[in-house]
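To start, the structure itself, in structure tokens.
Only a predicted model underlies this, so the values are computations on that prediction, with no experimental measurement involved.
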Amino acid sequence: MALPLAGIFAAIVFFFALYCGIDPFHHSAIHGFPDFKAHKVDFPPWKQLPSVNDPDNKLQRSEIKFLNQVQGPESIAFDPLGRGPYTGVADGRVIFWNGESWTDFAYTSSNRSELCAPKPSPFAHVKTEHICGRPLGLRFDKKTGELYIADAYFGLMKVGPAGGLATSLVTEAEGVPLGFTNDLDIDDEGNIYFTDSSTRYQRRNFLQLVFSAENSGRLLKYNPAKKETTVLLNNIAFPNGVSMSKDKSFLVFSECAVGRLLRYWLKGEKAGTIDVFAITPGFPDNIRTNEKGEFWVGIHCRRNLYSHIVGLYPRLRTFILRLPIPAKLQYLMQVGGRVHAIVVKYNVDGELVEVLEDKQGKVVRAVSEVEEKDGKLWIGSVLMPFIAVY
């Protein structure tokens, strides 16, 4: 009796392995990516992960504004006169709140066909982002009033104070096209520092970028006077947000896949070197510096034991990704089963000084960026159809 049972079990294992190998019904999260390769994530040790939390779920006290009026407001900016907010949305526009209503301010793509018409969900635009554009990080030059835009597909761009069609500034660096332009900041001389999250995966495939943890990302500098682009750092695993220190002696950028903030020194004896600024409790997104010189960081989600283990063992991760489990469910496994909101603040020395959360995602379900203005936190998310104010 044992032999037939053993044979049946072996047959089941064989056919299951065959199914996963050929994925006949295209259910796996990495279907359509024949060159997909999972990489080991150089996570800091689990014991170094900050355990501080917000027992009061303070973000649940936030006010939800502009519900269903803004789809996927990743970044939030106010112009040099304090007007706004301005935000980039999923259909490729940068829009402006004039105090009474939202108006179109800028576009990153000259193609504004029906494909780019506003839709009722941020996810409805993913298939046409490469045509319509997807503005992510936004920063105003306080001296000129020009708005600089990191568009995921069209690269680094800018538009004048009157708005309109943005002008392309950078689409490649050192012969390598920008694949996923993400965020930026500006120094006192007008130089732009920005991130290219991946040269292999575009934003519309960001889940596969998350699953792979590949490190083709870059930190770059654009000198507008010379119109020169320099690659400052290569081989970064999903670089994301970037923000200058108040004294402009260094910048901090997030290495999302690893769960840490890195500091790149711009001045002094350490100029041109990097060090670890902070280990974050999860996967960091955009960073914004407040008037005190503190750094607000939007955390995409907390790191959990599952994401930690599969990050350390790429073969295990690849096996799981080949199972007939859709990408959305694989993503939920990565984030701990449900989307949730967490915001952290660091001082100038990289010490964690504040944590704000909505652990259940009841009010603020996800965070991409936090912009502090007049004592309030304006919270945007590439996944949500609103802006939260705390």
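Taking all atoms of both residues into account, the shortest heavy-atom contact from A173 to T229 is CB-CG2, 3.9 Å.
E214 and S216 form a side-chain donor-acceptor contact under 3.5 Å, judged by distance and modelled atom types alone. Defined by atom type and a distance below 3.5 Å, a donor-acceptor pair is present between the side-chain atoms of D358 and Q60. Side-chain atoms of W296 and N286 include no donor-acceptor pair closer than 3.5 Å. With hydrogens and angles left out, the side-chain atoms of N111 and S109 include no donor and acceptor closer than 3.5 Å. Using a 3.5 Å distance cut-off with no hydrogens or angles, the side chains of Y86 and D79 do pair a donor with an acceptor. Counted by atom type alone, S75 and E369 present one or more donor-acceptor pairs between their side chains at under 3.5 Å. Between the side chains of T108 and D151, a donor-acceptor pair is found at a separation under 3.5 Å. Side-chain N/O atoms of Y107 and D104 include a donor and acceptor closer than 3.5 Å. For the 3.5 Å distance criterion, the side chains of N182 and T195 fail to qualify, holding no donor opposite an acceptor.
Under the 4.5 Å side-chain heavy-atom criterion for Ile, Leu, Val, Met, Phe, Trp and Tyr, L81 and I95 are members of distinct hydrophobic clusters. Under the 4.5 Å side-chain contact rule for hydrophobic residues, F283 and Y313 share a cluster. Neither V297 nor L59 shares a network with the other; the hydrophobic side chains, linked directly or stepwise wherever heavy atoms of I, L, V, M, F, W or Y lie under 4.5 Å apart, form separate groups for each. A continuous path of Ile, Leu, Val, Met, Phe, Trp and Tyr side chains, each step under 4.5 Å between heavy atoms, connects L316 with L332, placing both in one hydrophobic cluster. Taken together through direct or relayed side-chain contacts under 4.5 Å among Ile, Leu, Val, Met, Phe, Trp and Tyr, M333 and V310 form part of one hydrophobic cluster.
For N205 (side chain) and Q208 (main-chain N/O), no donor-acceptor pair under 3.5 Å exists by modelled atom type. Proximity of a side-chain donor or acceptor of R134 to a complementary backbone N or O of R203 within less than 3.5 Å is not detected. In this structure, T128 contributes its side chain and I131 its backbone to no donor-acceptor pair below 3.5 Å. Side-chain atoms of T144 come within 3.5 Å of backbone N or O of E146 as a donor-acceptor pair. Within the 3.5 Å criterion, the main-chain N or O of L251 finds no donor-acceptor partner in the side chain of S245. A distance-only check finds no donor-acceptor pair linking the side chain of T289 to the backbone of K246 [under 3.5 Å]. Under a 3.5 Å cut-off, the side chain of D54 and the backbone N or O of K58 do form a donor-acceptor pair.
A salt bridge is defined here as a Lys NZ or Arg NE, NH1 or NH2 lying under 4.0 Å from an Asp or Glu carboxylate O, and R204 with E129 fails to meet this definition. Classification of R139 and D185 as a salt-bridged pair holds, one side-chain N sitting under 4.0 Å from a carboxylate O. With respect to the salt-bridge test (charged N to carboxylate O, under 4.0 angstrom), the residues R302 and E357 qualify. Comment: D91 engages R112 in a salt bridge, judged by a side-chain N to carboxylate O separation of less than 4.0 angstrom.
E255 CD to I236 CD1: the interatomic distance, rounded to the nearest 0.5 Å, is 6.5 Å.
At least one side-chain heavy atom of I192 sits under 4.5 Å from a side-chain heavy atom of L156. At least one side-chain heavy atom of P224 sits less than 4.5 Å from a side-chain heavy atom of N191. Considering only heavy atoms from C-beta on, V382 stays 4.5 Å or farther from P122 through its side chain. The shortest distance between side-chain heavy atoms of I64 and V363 falls below 4.5 Å. Using a 4.5 Å cut-off on side-chain heavy atoms (C-beta onward), L165 and V159 make no contact. By the 4.5 Å heavy-atom criterion applied to side chains, T171 and F154 are not counted as neighbours. Put simply, the side chain of L178 reaches to within 4.5 Å of the side chain of R218, judged on heavy atoms. By the 4.5 Å heavy-atom criterion applied to side chains, Q334 and S307 are counted as neighbours.
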Audit row: E371, I379, side-chain contact (heavy atoms from CB on, under 4.5 Å) steps and yes/no: CA-CA 7 Å; E371 176 72 23; I379 302 170; over 6 Å; no
Trace of the salt bridge (Lys or Arg N to Asp or Glu O under 4.0 Å) decision for R263 with D275: CA-CA 5 Å; R263 172 169 46 193; D275 55 26; 2.9 Å; yes
Carefully, step by step, assess L138 and Y148 under the rule side-chain contact (heavy atoms from CB on, under 4.5 Å). CA-CA 6 Å; L138 304 178; Y148 284 84; over 6 Å; no
Ring pair (Phe, Tyr, Trp, His ring centres under 6.0 Å) between Y331 and H300, intermediate numbers included: CA-CA 12 Å; Y331 167 74; H300 186 73; 5.8 Å; yes
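Annotation: H125 is not in aromatic contact with Y153 [ring centroid separation under 6.0 Å not met]. Here W378 and F78 bring their ring centres to under 6.0 angstrom of each other. Between F277 and F295, the ring centre distance stays below 6.0 Å.
Heavy-atom contacts from other residues, nucleotides or ligands closer than 6.0 Å to NZ of K362 number 12 or fewer. Counting non-hydrogen atoms of other residues, nucleotides and ligands closer than 6.0 Å to NZ of K328 gives a total of 12 or fewer. Enclosure of atom CD in E291 is not indicated, since only 12 or fewer non-hydrogen atoms of other residues, nucleotides or ligands lie within 6.0 angstrom.
Under the 30°/60° scheme for interplanar angles, the aromatic rings of F66 and W102 are found to stand perpendicular.
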